[in-house]
Student: 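Okay, handing you the structure first.
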Amino acid sequence: VIHGAILAFILSLRRKGNLTANRWLALFLVACMVSVLSVYIQYAKFHLLFPHFFIISTVAVFLLGPALFFYVWILTAIHRKSRWTDVLHFIPFLLYSTLLLILIISTNTDTLADFLKEMDADILEGVRFGLLPSLKLLHLIVYTILMLNILRKHSSRIKSNFSNLDQINLRWLQYFV
């Protein structure tokens, strides 16, 4: 988590290279950090002490897909300009954040902690809140497919334009995705 924070900080301040791609990668790293922290917080039972932070931290999963998607798109696009439709990628994040904000505002800390205790008991009994984890997983699967499609198109574009492909590929990015 600390390495991710340092790398995200360095990427966001770096003035060389592709600034936009660096910032998207930094956002991806921050979302990864927060996601890992939320798992640790729940495992260590800190979510009962800091329920509002735990609830907020669970929203980071919905930033992973768009952040890495835009990073891949910027690295592979010849001329990529931002469009207003790019905001649509953040609708799941905004919807989930809005629902969580309503939950946080409408409950006090004790009520929220009781809710999380009940959630822990349900999880231990094997009854999971199936909808939300399924939506998060589906979100990540869709973005993985989108990114692999972008990389496939990029690879065929490179093959049609260059004869020597030894140094011109983003295979490392395909493995990363």
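Nothing here was measured: the structure is a model prediction, and the numbers come from that model.
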Student: How close do His89 and Phe69 get, counting heavy atoms only, and between which atoms?
Tutor: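 Closest pair (atom of His89, atom of Phe69, distance): CE1-CE2, 3.5 Å.
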
Student: First locate atom CZ of Arg152, then atom CD1 of Ile150, and finally report the distance between them rounded to the nearest 0.5 Å.
Tutor: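 Separation between the atoms: 10.5 Å.
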
Student: CG/Leu140 to CD1/Ile145 distance, rounded to the nearest 0.5 angstrom?
Tutor: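 It is 11.5 Å, given to the nearest 0.5 Å.
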
Student: Can you see which heavy atom on Pro66 is nearest to which on His139, and at what distance?
Tutor: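 Here Pro66 and His139 meet closest at CD-NE2, 3.7 Å.
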
Student: In terms of hydrophobic clusters joined by side-chain contacts under 4.5 Å, are Tyr143 and Leu94 together?
Tutor: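 Yes, same cluster.
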
Student: Can you list the steps and then say if Tyr71 with Arg23 is a side-chain contact (heavy atoms from CB on, under 4.5 Å)?
Tutor: CA-CA 8 Å; Tyr71 175 71; Arg23 290 194 177 111; over 6 Å; no

Student: Please check if Trp73 and Leu19 belong to a single hydrophobic cluster, counting links between Ile, Leu, Val, Met, Phe, Trp and Tyr side chain heavy atoms closer than 4.5 Å.
Tutor: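 No, Trp73 and Leu19 fall in different hydrophobic clusters.
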
Student: In the structure I gave you, are the side-chain heavy atoms of Met147 and Leu68 within less than 4.5 Å of one another anywhere?
Tutor: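 Result yes, sub-4.5 Å side-chain heavy-atom pair found.
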
Student: Is it the case that one hydrophobic cluster holds both Leu64 and Val87, taking links as side-chain heavy atoms less than 4.5 Å apart, direct or via other members?
Tutor: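 No, Leu64 and Val87 fall in different hydrophobic clusters.
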
Student: When the side chains of residues 25-33 are checked against the rest of the protein, which donor-acceptor pairs come out under 3.5 Å, sequence neighbours left out?
Tutor:
none

Student: Are any of the side-chain heavy atoms of Ser35 and Lys136 separated by less than 4.5 Å?
Tutor: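 No, every pair of side-chain atoms sits at 4.5 Å or beyond.
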
Student: Rounded to the nearest 0.5 Å, what separation is found between the CH2 atom of Trp24 and the CD1 atom of Ile74?
Tutor: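 Taking CH2 in Trp24 and CD1 in Ile74, the distance rounds to 7.0 Å.
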
Student: Taking the hydrophobic residues Ile, Leu, Val, Met, Phe, Trp and Tyr, and joining any pair whose side-chain heavy atoms are under 4.5 Å apart, which ones share a cluster with Leu88?
Tutor: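 When side chains under 4.5 Å apart are linked, the cluster holding Leu88 also contains Ile91, Leu95.
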
Student: Sequence neighbours excluded, which residues qualify as ring pair (Phe, Tyr, Trp, His ring centres under 6.0 Å) partners of Phe93?
Tutor: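 In terms of ring pair (Phe, Tyr, Trp, His ring centres under 6.0 Å), with neighbours along the sequence ignored, Phe93 is linked to no residue.
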
